Every structure is written in C-alpha cells, then in structure tokens.
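In what follows, a single structure is set out as structure tokens and then discussed.
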Amino acid sequence: MTVFALVDCNNFYASCEKLFDPKLEGVPLVVLSNNDGCVVARSAEVKALGIPMGVPWFKIRDEAKQFGIQAMSSNYALYADMSNRVVEVLEGFSPHVEVYSIDESFLSLDGFAARGFERYGTEIKQRVQDWLGLAVCVGIAETKTLAKLANHCAKKGHAGRAGVCDFTTLPPADFNALLAKIKVGETWGVGPRLAPRLEKMGIHTVYDLRNADPARMRARFSVVLERTVMELKGVACLELEETTPDKKQIVSSRSFGQRIGAFEHLADALAFHATHAAEKLRSQDSVAGALTLFIRTNPFALKEPQYQRSITIPLPEATQDTRELVKWSGRGLRRIYRRGFAYAKAGVMLSEIRPAALVQADLFGSIEDSERSDTLMGIMDRINQRWGRGTLRTASEQAEGIWKMNRGNLSPRYTTAWSELPQVT
C-alpha cells in the first residue's frame with residue numbers, strides 16, 4: 001500500500017522570526033511583504049485576533065498598537081535556509097521526499113508500516129522540534145490529496161495525536177463523519193473560487209465531493225478535479241515529484257522602495273534583476289534565447305501620469321552569461337524608457353529556455369570564449385554563494401540602489417551571515 005505524509009511547518013515565517021529572538025515569545029507577530037506592504041504571515045496570536053492574510057499594514061496600524069502586534073520585514077535568506085534544514089531532517093525519515101513549497105514537503109512512507117504510521121509521524125514532528133526548534137504538523141494518508149487534508153485535520157486537532165493525523169487507521173464510519181464536517185473549499189485544488197460553483201451543485205463538504213461522479217466532475221470542470229475526486233476515494237493519481245522540473249520561464253521583478261525617474265536608476269534595477277535571473281538560469285544548467293523587460297508606473301496613483309511598456313529581445317545566441325543579459329537589458333531599456341514619469345516597478349523575464357548541453361555552437365563563435373564565460377560565471381556564483389549575493393557583480397549594478405525595497409524591520413540573517421550570528425549574553 002502506498003502511503004504519503006505531508007509535513008507542514010506551522011506559521012513558518014513567523015516561527016523563524018520567533019526562533020532566534022526570545023523577546024518575541026508569545027507576542028502577536030506578522031511578517032510583511034516586499035516594501036513592508038501587506039501581511040504575508042501571521043503568528044498563532046495574530047490569527048486568534050482575526051487579522052486576515054494580505055491586509056495592507058497601514059490599515060491595521062491602530063489594531064497593532066492596541067494589541068501589541070510586532071511587524072517584521074520578510075527575511076528571505078533566513079526562511080530559505082531554515083526550510084533547507086527542515087528538508088535535511090525529513091530526508092532522514094524517508095529516501096523519497098518532494099519539496100512542495102518552502103514550508104511543506106511530501107514523504108513516501110512505503111516500507112515503514114511496521115513502525116506504525118502515526119507513531120512514525122510523531123517521531124518526525126518531535127525531531128524537527130528538537131533539532132530545529134520549529135513546530136510541524138503531519139498528515140498521513142494513501143494519496144497526496146488525502147495527506148494534505150489529514151494535515152489540515154492535524155492542525156485543527158480533529159483526529160489523532162496532537163499535530164499528527166493518520167487517515168489510514170481511522171474506521172470508515174469515523175472517516176466519513178470527519179469528511180462531512182470539513183467544507184469542500186478546504187480540499188487541495190478546490191479553494192475559494194471553485195467552492196461556490198460546487199456548492200451550487202449540492203457539494204458542500206469534502207464527503208460530498210468524495211462521493212461525486214468523477215466523470216461528471218471532468219465534464220463540468222476539468223480533468224484536475226476528476227483526479228481530486230479519485231484521490232479522495234483513495235486512488236493515487238499524483239506521484240511524488242522528487243526532481244523539480246526545469247523552469248520554462250524565469251522572472252525577476254520587484255516594486256521599488258521609492259519612485260524613480262532617472263534612466264540610470266532604472267538601468268541599475270534591471271541589471272540587478274537580469275543578474276538574479278541569470279543565477280537561477282545557471283542553477284538549472286540552462287540557457288535563454290529571449291529576454292523580456294518591463295517598466296511601469298504605479299497604476300493605483302490615479303492622479304499621476306501613467307506609463308507602462310515592455311519589450312522582448314531575441315538574443316543573438318542563447319546564453320546564461322550575466323554580462324550578456326545585463327547588456328541587452330540596458331539596450332532594451334533605451335528603447336522603451338520615457339522621461340517625466342515616476343516609475344514604481346521593473347522586471348526581467350527569460351524565455352526560450354533549454355538545457356545548456358543542447359545548444360548548438362555559433363558557427364562564427366569561439367569555443368574558447370564560451371569556455372571562459374562558463375568558467376567566469378562559475379567563479380562568480382561560488383563567490384556569491386559563499387560571501388553573499390552581490391559580492392561579485394557587474395559594474396552596471398550598484399550595491400545599494402535607491403530603488404531597493406524598504407525593509408524597516410528586517411531581522412538578522414542568523415544562519416547565513418557570520419557577522420549576524422545570534423549572540424548569547
């Protein structure tokens with residue numbers, strides 16, 4: 001019997017912030033999006049106050065003062081590193097792990113039945129807590145969709161031990177009764193958009209969806225919903241994806257910390273994004289054949305002059321070289337830039353991506369030049385991985401451009417920067 005476990009870190013971003021700062025213990029805490037805009041993560045204390053996800057920070061400042069809510073800027077370096085550490089722990093429990101998101105991973109538990117799945121899930125939960133100080137919930141079932149639902153039940157305390165829910169051991173009557181209590185919108189892949197349409201058909205709970213006719217769901221909606229119904233019935237349609245597929249498009253973009261109008265500042269921002277995209281491209285050993293860049297003003301500032309423009313540039317030769325991508329981003333900007341506007345966002349997208357090994361050499365190009373480029377980019381990546389992004393960069397990219405996003409409450413990079421290691425006094 002195939003059995004999956006979904007391990008999900010509780011309130012991940014907020015938990016990472018609290019982990020290294022004892023002063024935040026028990027304090028209502030939110031993590032904000034780029035430029036300290038909207039709430040993207042909430043601690044349990046904030047959830048209890050009814051603060052919704054996605055609400056702009058400026059709209060809840062009064063509530064924050066009233067309830068003592070602490071706001072932190074997004075510390076992506078910290079979250080990514082802690083996520084990697086969680087995955088390393090999980091790999092000690094199963095040889096087959098799919099990293100689904102920064103705070104969720106699926107595990108195959110095939111071959112561990114003798115250990116007792118619920119007991120094994122409890123061991124996973126306890127080890128992550130003991131080794132990393134992070135709380136997780138574990139959902140266990142015969143399909144990935146049911147494992148996701150079991151994880152939801154583990155968080156809500158609907159069944160099983162605290163933080164662990166094993167559907168494989170629930171008696172059928174108890175299992176059906178549990179599914180009948182859960183709204184259909186909680187099903188993985190359904191969500192708030194599809195749920196109202198299902199409810200109009202009389203499908204209000206997960207139990208209702210589980211008993212629906214798969215062929216009818218496919219005809220009315222999609223093959224994806226048909227598979228969801230089959231998964232709820234215990235028929236595994238989704239396999240574990242242990243290898244992340246290469247991206248067909250790579251995008252790097254961000255809103256500015258302040259409006260900018262000068263060409264050189266936009267060029268600096270696009271050089272940064274081209275560099276970031278090139279790093280992602282090389283990480284999957286691919287090359288890009290086309291570069292798209294865009295610039296735009298703030299569409300919500302209705303009293304200001306509006307302008308937005310993009311351009312796609314077919315590259316003469318598919319490349320992963322940062323210097324080439326930065327060069328073409330600058331040339332493209334010259335064609336679309338207009339003076340007199342306050343720009344709020346810019347970005348770069350790489351497309352026509354294919355494996356570097358399949359690229360045909362330019363008839364008039366030099367193999368030595370290509371090899372030198374590969375060597376230089378490899379050295380650049382290794383230096384930046386060891387000493388921090390931007391340690392080695394092109395001259396077009398400023399270390400601290402005025403366009404960089406605002407992060408007024410950024411915590412230290414506790415686990416990735418020697419100078420910011422936590423100190424015990």
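Worth saying up front: this structure is predicted, and the values here are computed from it rather than measured.
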**Report entry** Working for side chain to side chain donor-acceptor pair (under 3.5 Å), residues D21 and Y414
**Finding:** CA-CA 10 Å; D21 190 348; Y414 295 109; 5.0 Å; no
**Report entry** Short N-O contact, R323 and D321, less than 4.0 angstrom
**Finding:** yes
Query raised in the report: Applying salt bridge (Lys or Arg N to Asp or Glu O under 4.0 Å), which residue pairs with at least one partner in residues 140-156 are found, sequence neighbours left out?
Result: D8-K155, E98-K144, E104-K148
Requested in this report: Decide if atom CZ of R218 counts as having more than 12 heavy atoms of other residues, nucleotides or ligands within a radius under 6.0 Å.
Outcome: no
Report summary line: Looking only at heavy atoms, the pair that brings L291 and L325 closest together is CD2-O, 3.8 Å
Report task. Output all residues satisfying side-chain contact (heavy atoms from CB on, under 4.5 Å) with A262, sequence neighbours left out; order by chain, then residue number. Result -> E264, H265
**Report entry** Plane angle bin for H276 and F272 - parallel if under 30°, tilted between 30 and 60°, otherwise perpendicular
**Finding:** tilted
Report task. Output yes when a side-chain donor or acceptor of N151 lies under 3.5 Å from a complementary backbone atom of C137, and no otherwise. Result -> yes
Report summary line: Residues at least two apart in sequence or cross-chain that pass side-chain contact (heavy atoms from CB on, under 4.5 Å) with H204, listed by chain then number, are E199, D208
Query raised in the report: Distance only, no hydrogens: is a donor on one side chain within 3.5 Å (strictly under) of an acceptor on the other, for K47 and N11?
Result: yes
Report task. With sequence neighbours left out, write down each residue that passes side-chain contact (heavy atoms from CB on, under 4.5 Å) with R282, or none if nothing qualifies. Result -> A278, E279, Q320, T322, M377, D381
Query raised in the report: Looking at residues at least two apart in the chain, or sitting in another chain, which of them share a side-chain contact (heavy atoms from CB on, under 4.5 Å) with F300?
Result: N298
Query - Partners passing salt bridge (Lys or Arg N to Asp or Glu O under 4.0 Å) against E186 (at least two apart in sequence or in another chain) - result: none
Report summary line: Residues at least two apart in sequence or cross-chain that pass salt bridge (Lys or Arg N to Asp or Glu O under 4.0 Å) with D81, listed by chain then number, are R85
Requested in this report: Give a yes-or-no answer on whether the side chains of E17 and Y79 include a donor-acceptor pair shorter than 3.5 Å.
Outcome: yes
Report task. Could you tell me which residues satisfy side chain to side chain donor-acceptor pair (under 3.5 Å) with Y100, sequence neighbours excluded, listed by chain and number? Result -> W188
Requested in this report: With sequence neighbours excluded, tell me which residues meet side chain to side chain donor-acceptor pair (under 3.5 Å) with R42.
Outcome: none
**Report entry** E91 atom CD, neighbour heavy-atom count above 12 within 6.0 Å
**Finding:** yes
Report task. Would you please say whether a donor-acceptor pair under 3.5 Å links the side chains of E317 and T319? Result -> no
Query raised in the report: With T297, which of E304, Q306, K345 fulfils side chain to side chain donor-acceptor pair (under 3.5 Å)?
Result: Q306
Requested in this report: Please name all residues satisfying side chain to side chain donor-acceptor pair (under 3.5 Å) with W57, sequence neighbours left out, ordered by chain then number.
Outcome: none
Query - Those residues that, when tested against E88, pass salt bridge (Lys or Arg N to Asp or Glu O under 4.0 Å) (two or more places apart) - result: none
Query raised in the report: Pick one: which of L132, L29, L134 meets side-chain contact (heavy atoms from CB on, under 4.5 Å) with S15?
Result: L134
Query raised in the report: With distance as the sole test, does T145 use its side chain to make a donor-acceptor pair with the main-chain N or O of L232 at under 3.5 Å?
Result: no
Report summary line: Applying salt bridge (Lys or Arg N to Asp or Glu O under 4.0 Å) to R338 and not counting sequence neighbours gives none
Query raised in the report: Regarding D166 and Y120, is there a side-chain donor-to-acceptor distance under 3.5 Å anywhere?
Result: no
